[in-house]
Amino acid sequence: MARVFAVVNQKGGVAKTTTVINLSAVAALEGHSVLVVDADPQGNATSGLGVDRHEIDYCLYDLITRREDEVNPAVDEVIVPTSTPNLDCLPATIDLAGAQLALANVISRETRLRKVLEPVMNAYDIIMIDTAPSLGLLTINALAAAHQVLIPMQCEYYALEGLSQLTNIVWMVQAEINPGLTLAGAVLTMYDARTNLAEEVAEDVRNTFPGRTFKAKIPRNVRLAEAPSHGLPAVIYDRHCPGSAAYRRLYWEVFEDA
């Protein structure tokens with residue numbers, strides 16, 4: 001059965017999607033079967049994996065909002081392959097922005113994603129869920145479906161702002177919806193070794209998550225920013241760049257050392 005990771009932080013621009021895409025790609029290149037679930041209406045994980053959102057007939061929205069009496073596609077009909085071997089994507093489009101309203105009066109609306117993924121849990125080794133920069137219903141669904149949470153933390157000023165709200169939501173989901181949910185750890189992103197601030201913030205994160213902050217630090221790297229425009233993970237677009245090397249190190253900590 002797949003291990004399911006939700007990559008969560010309500011702050012935008014902390015490299016959630018970059019982390020999902022590149023960790024997933026490294027795992028796929030190592031021979032694991034991997035599914036990326038794009039639970040962000042912006043659909044950046046979808047396009048970053050080379051999936052054209054304008055050419056797909058269905059997306060995650062159609063799966064999590066469907067009623068029992070509706071004839072909609074099964075999850076394996078919505079999943080699309082990517083150009084990376086062993087790596088599939090459950091895509092998102094802007095339609096997903098309407099999910100919270102569509103589910104407003106639905107019973108067990110917090111566990112819709114978990115039910116969507118049940119039929120394919122045995123088809124993959126790893127499932128990575130990319131979330132929106134918010135703590136809304138879609139993020140709650142991601143946490144309810146996950147076994148572990150990854151929290152990307154940018155090594156910049158205000159990195160810890162709002163962290164207590166995020167951790168409170170994680171533990172609330174653990175207490176009320178998903179008792180098996182655990183914290184995999186915090187990922188240090190946008191690290192610039194030339195500045196004292198980056199190391200100061202990194203130390204603050206380590207103190208906040210003692211023993212739960214990964215050693216691999218994801219640097220600021222232009223290749224990481226360029227790769228999505230080519231529809232490729234950076235670890236394939238430029239496997240030798242510092243960002244790719246950092247994600248390979250992180251992969252061993254997150255998946256193989258666990």
Side-chain angles (χ1 to χ4, degrees), residues 1-8 10 16-17 20 24 27 32-46 49 51 53 56-82 87-150 166 169-184:
M1 182 174 290
R3 292 173 62 194
V4 184
F5 294 82
V7 181
V8 178
Q10 79 270 34
K16 285 192 299 294
T17 301
V20 167
S24 299
H32 298 290
S33 56
V34 185
L35 173 66
V36 168
V37 178
D38 194 346
D40 182 352
Q42 296 177 87
N44 290 334
T46 300
L49 288 170
V51 177
R53 287 171 288 173
I56 56 178
D57 296 321
Y58 300 101
C59 77
L60 180 60
Y61 174 85
D62 301 287
L63 297 172
I64 65 173
T65 62
R66 67 181 176 190
R67 299 193 306 266
E68 294 297 330
D69 59 341
E70 289 182 325
V71 179
N72 272 332
V75 60
D76 55 357
E77 296 176 292
V78 180
I79 290 171
V80 294
T82 72
L87 180 56
D88 293 342
C89 177
L90 180 49
T93 67
I94 193 60
D95 291 346
L96 195 57
Q100 184 148 332
L101 181 61
L103 296 173
N105 297 314
V106 175
I107 296 174
S108 300
R109 59 185 177 271
E110 299 88 356
T111 57
R112 298 287 287 198
L113 179 56
R114 182 162 67 189
K115 292 177 181 176
V116 164
L117 294 178
E118 283 176 355
V120 295
M121 287 294 289
N122 290 322
Y124 295 96
D125 300 318
I126 297 166
I127 296 177
M128 298 284 289
I129 307 174
D130 189 27
T131 62
S134 75
L135 295 176
L137 184 58
L138 287 172
T139 299
I140 299 296
N141 264 266
L143 292 170
H147 298 122
Q148 293 186 284
V149 185
L150 286 173
L166 170 59
I169 289 290
V170 172
W171 305 138
M172 180 195 72
V173 171
Q174 182 197 55
E176 303 293 335
I177 305 171
N178 184 6
L181 183 65
T182 62
L183 176 64

**Message:** Using only atom types and a distance under 3.5 Å, with no angle test, would you say the side chain of D130 pairs donor to acceptor with the backbone of V36?
**Reply:** no

**Request:** Please examine the side chains of L183 and W171, heavy atoms only from C-beta on, and report whether any two atoms are closer than 4.5 Å.
**Result:** yes

**Message:** For the backbone of L87 and the side chain of T82, can you confirm whether one donor and one acceptor N or O come within less than 3.5 Å of each other?
**Reply:** yes

**Prompt:** Ignoring hydrogens and geometry, is there a side-chain-to-backbone donor-acceptor pair from R109 to L137 under 3.5 Å?
**Reply:** no

**Minimum heavy-atom distance V34-A27, with the two atoms named** = CG2-CB, 3.8 Å

**Message:** Set out, in order, the CA-CA distance, both residues' side-chain angles and the distance that settles side-chain contact (heavy atoms from CB on, under 4.5 Å) for I126 and S24, then state yes or no.
**Reply:** CA-CA 8 Å; I126 297 166; S24 299; 5.9 Å; no

**Derivation and outcome, side-chain contact (heavy atoms from CB on, under 4.5 Å), residues L150 and M128** = CA-CA 10 Å; L150 286 173; M128 298 284 289; 4.1 Å; yes

**Message:** Looking at T131 and V7, would you say the former's side chain and the latter's main chain have a donor-acceptor pair under 3.5 Å?
**Reply:** yes

**Request:** Quick one: closest heavy-atom pair of D95 and Y61, and the distance?
**Result:** O-CD1, 3.2 Å

**Request:** Say whether S33 and D125, considering side chains only, have a donor N or O and an acceptor N or O under 3.5 Å apart.
**Result:** yes

**Item:** T182 vs V149 side-chain heavy atoms within contact, under 4.5 Å
**Value:** no

**Asked** Does the E77 side chain pair with the main chain of A74, one donor and one acceptor, at a distance under 3.5 Å?
**Response** yes

**Gap between atom CG of L35 and atom CG of D76 - 0.5 Å precision** = 11.0 Å

**Prompt:** Heavy-atom distance under 4.5 Å between the side chains of L143 and V8, does that happen here?
**Reply:** yes

**Within-4.5 Å side-chain heavy-atom neighbours: L90 and V75** = yes

**Asked** For L96 and I64, what are the C-alpha separation, side-chain angles and deciding distance, and is it a side-chain contact (heavy atoms from CB on, under 4.5 Å)?
**Response** CA-CA 9 Å; L96 195 57; I64 65 173; 4.0 Å; yes

**Item:** Spatial distance of atom CG (L135) from atom CD1 (I140) [nearest 0.5 Å]
**Value:** 7.0 Å

**Request:** Taking the side chain as every heavy atom from C-beta outward, state whether I79 and C89 have any pair of such atoms under 4.5 Å apart.
**Result:** no

**Asked** Quick one: does R3's side chain have a donor or acceptor within less than 3.5 Å of a partner on Q148's backbone?
**Response** no

**pair V37-V116: side-chain heavy atoms closer than 4.5 Å** = no

**Asked** If only atom types and distance count, is the side chain of D38 paired as donor or acceptor with the main-chain N or O of P91 below 3.5 Å?
**Response** no

**Asked** If you take all heavy atoms of I127 and Y124, which pair is closest and at what distance?
**Response** CG1-CB, 4.2 Å

**Fill in**
Scanning both residues in full, the closest heavy-atom pair of P73 with L63 reads O-CD2, 3.3 Å

**Prompt:** Does A145 offer a backbone N or O that forms a donor-acceptor pair with the side chain of R114 under 3.5 Å?
**Reply:** no

**Expected output: side-chain R112 to main-chain L138 donor-acceptor under 3.5 Å** = no

**Message:** Rounded to the nearest 0.5 Å, what separates atom CD1 in I177 from atom CD in E110?
**Reply:** 5.0 Å

**Asked** Between the main-chain N or O of L181 and the side-chain N or O of Q174, is there a donor-acceptor pair closer than 3.5 Å?
**Response** yes

**Worked check of side-chain contact (heavy atoms from CB on, under 4.5 Å) between D62 and V78** = CA-CA 9 Å; D62 301 287; V78 180; 5.8 Å; no

**Distance in Å, I56 CD1 paired with T46 OG1, rounded so as to fall on 0.5 Å steps** = 6.0 Å

**Request:** For C59 and T93, work out which heavy atoms get closest and say how close.
**Result:** SG-OG1, 3.4 Å

**Prompt:** What's the shortest heavy-atom distance between A142 and A6, and which atoms?
**Reply:** O-CB, 3.9 Å

**Prompt:** Rounded to the nearest 0.5 Å, what separation is found between the CG atom of L103 and the OG atom of S108?
**Reply:** 11.0 Å

**Complete:** Separation between CD1 (I129) and NZ (K16), nearest 0.5 Å, reads 14.0 Å

